[in-house]
Amino acid sequence: MLRKVNQTLNFILVTTMFQTSNFRKITSVALLSALLGGTSYATYEHMSKPDTLSTWVENATPFVKARLDDKNTNPKVAMIPADFTFASKKATAAVVHITSTMKPERNVSQQIPDEFKDFFGGRDPFGQQGPQGRGQKSKASGSGVIINSDGFIVTNNHVIQGAESLEVTLANKRTYKAKVIGSDPNTDIALIKIDAKDLPALAFGNSENVEVGQWVLAVGNPYNLTSTVTAGIVSAKGRSINILGENAKAPIESFIQTDAAVNPGNSGGALVDLNGNLIGINTAIASQTGSFAGYSFAVPSSIAHKVVEDLSKFGSVQRGYLGVGISEVTAEKVTTFNLKVTDGVRVESFADQSAARDAGIKVGDVITKIDGHAILGVPQLQEAIAQHKPADKVLVTVNRDGIDKIVTVTLKSNAGNMVADVSDSAVLEQLGVELQDLTAQQKKAWSVPAGVQVGQISAGKIRQSTDMEDGFVITKVDKTPVSSVKQLSDILKGKKGGVMIEGIYPGNPETQYYAIGL
């Protein structure tokens, strides 16, 4: 059962992997093994690669690089301990503490804000005589990573979701108010900014080059303990734990799994390699108690980098789609469909406007590679495609009846276009809603001359500021009649400040009003 832990907004994956007593025993044995052998072997593997520690290793004459079994033949050989100080100093300087002041629980009959009363001649459309339904404002905390010296910070969407205000505390204890540039519930990544210059920043590393078994550090602010560093190894890659579905319409999960200790408050913090390069954003833990119990999960930098780049340029994520329905290749499917490969994803169906179908891919094909990179399952495919935007070309290797075939696919948007309408998309992402034009039958049935209907509501201004529910029909925005989704987007483009949304719920002729701020 998935749940959130209090107001920390850290996602928790509740598992029953271990009985408590057995878990303690296994933990003790694993810790002893790591101390006796794992550390030295992993250190050798890291030191054999060029990095910022290579010069130190080569000049450290009393020590030589060696495998554990070399001690038997050369008793003078000493093992090099893993040194995390360089990466720790680099990362802690760029990791920030984020305090989110949450909006109070809002009553449907809440009094209208003063700035909107001129829409109604000074009266309260909710019929209230004074402020009611206001609760106490709560606070939640998380972490973030400075990725640009001018104050751009990447964090998790769930750290800032529903926040009325954000305060960022740097490693040097200076505090700033932050504004949200954009967020993406599908990957749980958000971009915020503070008004500051010449800040220490972390560079994105290449998460595709991360290997299982390599050392990593998790840096964040668990339990409001600032600048905390923990170490571990990469336990797995491409892990899907089905935790983003609550707020996401098309969740993308291809987590880096580590055993570095991560606790509530670490969300949005940095996962770095021994060079201090940002290879992931810590997001979730697997736990029976709500605290760290062995595994943590980070959004890989390959996904996070694409998301924040789009948010900074366009205000929303420009994501390309193959337009396919897929499933994992399993032993059962291999037998049932007489497949000639045991890894990959099988194409089961196509979207109405499918880029893959247009390129010649067929139902029953098994996708085994994207741009030459092996695809072992659905998470890897999602990660590979998530790095691209509409109109990008990708090389898709499919196995069809035992024969490999490379197909060039030009990706489309989720609407089936080669290039997304950036402006309209940004507006809808900001609102956090899906909208549909009304049909002639709907207008007649609901007695409205025009309007657009709200579909699914996700993270955005609507959810943060109102109690609007799915199905609401928007008829006017700032007293201007709305006849289409395109017109609503045009009205809101570039608009700043308060916006009044007017409409009805089907079956209820009474006009409802919702106020939001842009």
What's the separation between atom [atom1] in [X] and atom [atom2] in [Y], rounded to the nearest 0.5 Å?
X	Y	atom1	atom2	result
Thr283	Leu244	OG1	CG	7.5 Å
His373	Thr397	NE2	OG1	11.0 Å
Leu278	Ile146	CG	CD1	12.0 Å
Phe204	Ser302	CZ	OG	10.0 Å
Leu271	Ser207	CG	OG	10.0 Å

Please report the shortest heavy-atom distance between [X] and [Y], naming the atom on each side.
X	Y	answer
Ala270	Asn282	O-ND2, 3.0 Å
Thr92	Lys89	OG1-O, 3.4 Å
Phe292	Val262	CB-O, 3.2 Å
Gly142	Asn221	O-ND2, 4.1 Å
Pro200	Ala94	O-CB, 3.7 Å
Ser235	Thr258	OG-C, 3.6 Å

Checking side-chain hydrogen bond (donor to acceptor under 3.5 Å, both in side chains) against His97, which of Thr226, Thr175, Asn224 comes through?
->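 Option passing the side-chain hydrogen bond (donor to acceptor under 3.5 Å, both in side chains) with His97: Asn224.
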In sequence, state the C-alpha distance, the side-chain angles, and the governing distance for Thr155 and Ile281, and then conclude on side chain to side chain contact (heavy atoms under 4.5 Å, CB included).
-> CA-CA 7 Å; Thr155 185; Ile281 301 299; over 6 Å; no
Side-chain contact test, heavy atoms from C-beta onward, threshold under 4.5 Å: evaluate it for Lys405 versus Val407 and give yes or no.
->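 Touching, per the 4.5 Å side-chain cut-off.
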Decide if atom NZ of Lys369 counts as having more than 12 heavy atoms of other residues, nucleotides or ligands within a radius under 6.0 Å.
->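 Atom NZ in Lys369 is not crowded, with 12 or fewer foreign heavy atoms closer than 6.0 Å.
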Would you say Asp401 has more than 12 foreign heavy atoms packed within less than 6.0 Å of its CG?
->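 No - once you tally the heavy atoms of other residues, nucleotides and ligands closer than 6.0 Å, there are 12 at most.
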How would you list, by chain and number, every residue that makes a side-chain hydrogen bond (donor to acceptor under 3.5 Å, both in side chains) with Ser327, sequence neighbours excluded?
->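 For Ser327 the side-chain hydrogen bond (donor to acceptor under 3.5 Å, both in side chains) partners, ignoring immediate neighbours, are Glu348.
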Can you name the one residue among Val378, Val366, Thr368, Asn399 that meets side chain to side chain contact (heavy atoms under 4.5 Å, CB included) with Val329?
->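 One option only clears the test, and that one is Val366.
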Before accepting this row, confirm whether a basic side-chain N of the pair Asp392/Lys389 lies closer than 4.0 Å to the acidic partner's carboxylate O.
->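 Looking at Asp392 and Lys389, the cut-off is met.
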Is it true that Lys193 and Asp150 make a salt bridge, defined as a side-chain N closer than 4.0 Å to a carboxylate O?
->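 Between Asp150 and Lys193 there is no salt bridge, as every charged N stays at least 4.0 Å from the carboxylate O atoms.
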Please say whether the positively charged group of Arg239, taken as NZ for Lys or CZ for Arg, lies over the ring of Phe297, i.e. under 6.0 angstrom from the six-membered ring centre and within 45 degrees of the axis.
->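 Verdict for Phe297: no cation-pi partner in Arg239.
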May I have the step-by-step check of salt bridge (charged side-chain N to carboxylate O under 4.0 Å, His left out) for Asp310 and Arg319, ending in yes or no?
-> CA-CA 9 Å; Asp310 283 357; Arg319 184 165 289 126; over 6 Å; no
Give the intermediate values and the outcome of side chain to side chain contact (heavy atoms under 4.5 Å, CB included) for residues Ile370 and Leu395.
-> CA-CA 6 Å; Ile370 297 292; Leu395 298 179; over 6 Å; no
